[in-house]
Structures are given as C-alpha cells and as structure tokens.
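Heads up, the thing below is written out as structure tokens.
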Amino acid sequence: MLKIGTAELQGHVIAAPLAGISNPVYRQVNHDAGAALTVSEMISDKALHYHNARTFDMCRVYETEHPVSLQLFGGDPETMAEAAEYLTEHTACDIIDINMGCPVPKVLKSHAGSYLMSDPDLAVRIAEAVVRHTDRPVTVKMRAGYDKEHINAPELAKRLEDIGVAAIAVHGRTKTQLYRGVSDNRYIRMVKEAVSIPVFGNGDIRTCADAERMFEETGCDAVMIGRGLVGKPYLIRQIEDHLAGRPYTEPGYEERTALCIAYAEKLCAYEGEHTGVSMMRGLVSYYLDGMPYAARVRAECAKAESLDGLRNTLEEYREKLRRMKEPDGETGDQAGR
C-alpha cells in the first residue's frame, strides 16, 4: 500500500489527468478497472475565483471514485490558495494536485503549467500557498525541465518536498519537447533519488513492458498513465497482473466494443447527449484500435448525431464480430480498407 498523506493507494497504476477527458465518468471507469488513483483534468484557479459554473461542475466527485485527486493550475499564489480553500471546503477530493507540466500556450501565458519549470521560485511560492490553505495532501505533476539545457526537476522536487508537498509525478519530457520525441526515464530516476516522498513515473506507457521498464529504470513508486488508458482501462489490471507474475487475458473484440458502448452511454448521461456524442466521435478509435473492419465503423461513428445512432452502429459491429471468426494477422485499419 502506498500512502500519500492520509490517502491510501491500493495498486501501482494512476490514471493521469487528460484535458477534456478526465471527468468523473472517465475516472470512475478507471477506478472500476483497478486504478490506485485518478486525477481530474486541469481546473483553473482564476475560473474558480470568478465563479465559473462550468469549472464548478469540473470539481464534482462521485462517491464511488475514491481516492481521487483534483488538479489545479495557475500562476498566482493568492488565487491558487483561494482555489485550494474552495476544493477543501466544497469537494470530497482526497488530494489536491498542482499542474507544473502542461505545455499548452494559453496555460503558459498565465504563468502556469510548465512555465513554472522556468521560474522555480514562483513554483515553490504557489505550492506553499496551496499547502497552507488545505488539510488535504498536495502533490505536484511536473516535467523534467523547461528545456534540455535546464533540467531542474530534481532540485525543484526537493524544494517542494521541503515545504510539505506529499508526492511528485514526473513526465520525462521537457516543456520544449511538448509531446514529441521520447520520454527520458533518467530524469525520473534523478527525481526519485533526490527526494524521500513518493514519485510517480509518467510518459510513454502503453504496454505492460513499458510499465515494467519504468519501474526498473526509475525506481518510481507508481506509474501514471495518460493516453495509454483511453479506450483501454483493462490495461490497468493487465499491468498489475504482469507485475505480480499472474497470467492475464486480453479482452476479446466483442468485450472491447461493449466497453465502448457502455462508455458512450455513461458519457452522454453525464455531459448531455449532444456533448457526449461529440466527445465520443474522437474516442471511438481508441476503443477499436487494432480491431477488424474498424476503419468503416470509425467513419460511421464520426458522423453520428445521436446516442442511438452511435450505439446502433457499434451494436451492429459487435453482432458482426460475434458472427465472424476473428481474422489472423489483420489489423483494424487493414481489414477496414
């Protein structure tokens, strides 16, 4: 068992925050699949300050999704402290996380996200303000540094530990790399060796082998997975089984299609049908990746205007899979051409 302050994590896999995806539905699905912790998408301190209704809704926590972390981003210690107070008083989150890793321009302009890797003094002031204004454990998600000439994650992590941060998640890329190139596990190991608090390894984990390599090369306490879990929540259990030396079974095509249908229904119930269907158009491909005849189904789902239309397309596809014998050696794109 891994403890983050008062929060107890059962397992080795954490579902990373994903903008526009990590709502309570996504988090609950990953919890049900065995995630030790899930993290919300980024919540703006300024939006909370100005009482933005949509942002308040982003702070919603399901009773059954604990432990859960709500992630804040901002560049002002005062409004970050105010946001921490709001999450403490009005939500049931177990952990408050501070984003120091997002490289998106609009986040950088607010002196938030990975901008803070270029201003460690400001980063420490923000973290200290949050720690002082909540009784929840505070964690930080950061990158290796702003660029390869300024790899400062180990030094910053140590300073954050000293002011009371309870755990650090490290993505092995710099800000300037964005999402290109390869995540470098050496930087994560450097952070692990610099601090005594738990460290989560993040970056390029899509298979059991990737997770095992992350543990071996970094000594991290848990792996944090982002895009690798989208459409594949079963990867969590596979990794846990792999680490424990237990056999695991890859879900069949019908089961994976059923997971997609169930997710669409839950997403539409939470977001409303119009928004839910719009979001699913971009998510179906993750669920059907590598499946036979998937290209045609993805194209049809991309044109869906209603939940019934999306569901009917997927159910027809599932029935087709049920009737056919799974082809050997064909990928979804090959079979779907």
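All figures in this text were calculated on a predicted structure; none of them were measured in a lab.
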* Asked: More than 12 foreign heavy atoms under 6.0 Å from NE2 of His274: is that the case here?
  -> no

* May I ask you to check whether over 12 heavy atoms, not counting those of Glu78, lie within 6.0 Å of atom CD? => no

* May I ask whether Val25 and Ile14 are part of the same hydrophobic cluster, defined by side-chain heavy atoms of I, L, V, M, F, W, Y residues being less than 4.5 angstrom apart, directly or through others? => no

* What about Tyr234 and Tyr248, are their ring centers closer than 6.0 Å? -> no

* Please report the C-alpha distance between Val107 and Met42 in whole Å, then the side-chain angles of each, then the deciding distance to 0.1 Å, and finally whether the side-chain contact (heavy atoms from CB on, under 4.5 Å) criterion is met. => CA-CA 10 Å; Val107 173; Met42 296 186 299; 4.0 Å; yes

* **Carboxylate-amine/guanidinium proximity below 4.0 Å for Arg54 and Asp57** => yes

* With a 4.0 Å cut-off, would you call Arg132 and Glu85 a salt bridge? -> no

* Passes side chain to side chain donor-acceptor pair (under 3.5 Å), Asp147 versus Thr176? Steps please. -> CA-CA 5 Å; Asp147 54 40; Thr176 55; 5.5 Å; no

* Carboxylate-amine/guanidinium proximity below 4.0 Å for Arg298 and Asp289 -> no

* Asked: Between CD of Gln71 and CG of Asn99, what distance do you get to the nearest 0.5 Å?
  -> 4.0 Å

* Please walk me through it: do His31 and His66 pass side-chain contact (heavy atoms from CB on, under 4.5 Å)? -> CA-CA 8 Å; His31 264 296; His66 296 282; 5.9 Å; no

* Asked: Is Glu155 salt-bridged to Lys158, cutoff N-O under 4.0 Å?
  -> no

* To do: Go through the steps to decide whether Val165 and Val195 satisfy the test side-chain contact (heavy atoms from CB on, under 4.5 Å), and finish with yes or no.
  => CA-CA 11 Å; Val165 168; Val195 300; over 6 Å; no

* Rounded to the nearest 0.5 Å, what's the gap from CG on Leu37 to CG on Leu2? Could you check? => 9.5 Å

* To do: Examine the side chains of Asn312 and Glu316 and answer whether a donor and an acceptor come within less than 3.5 Å of each other.
  => no

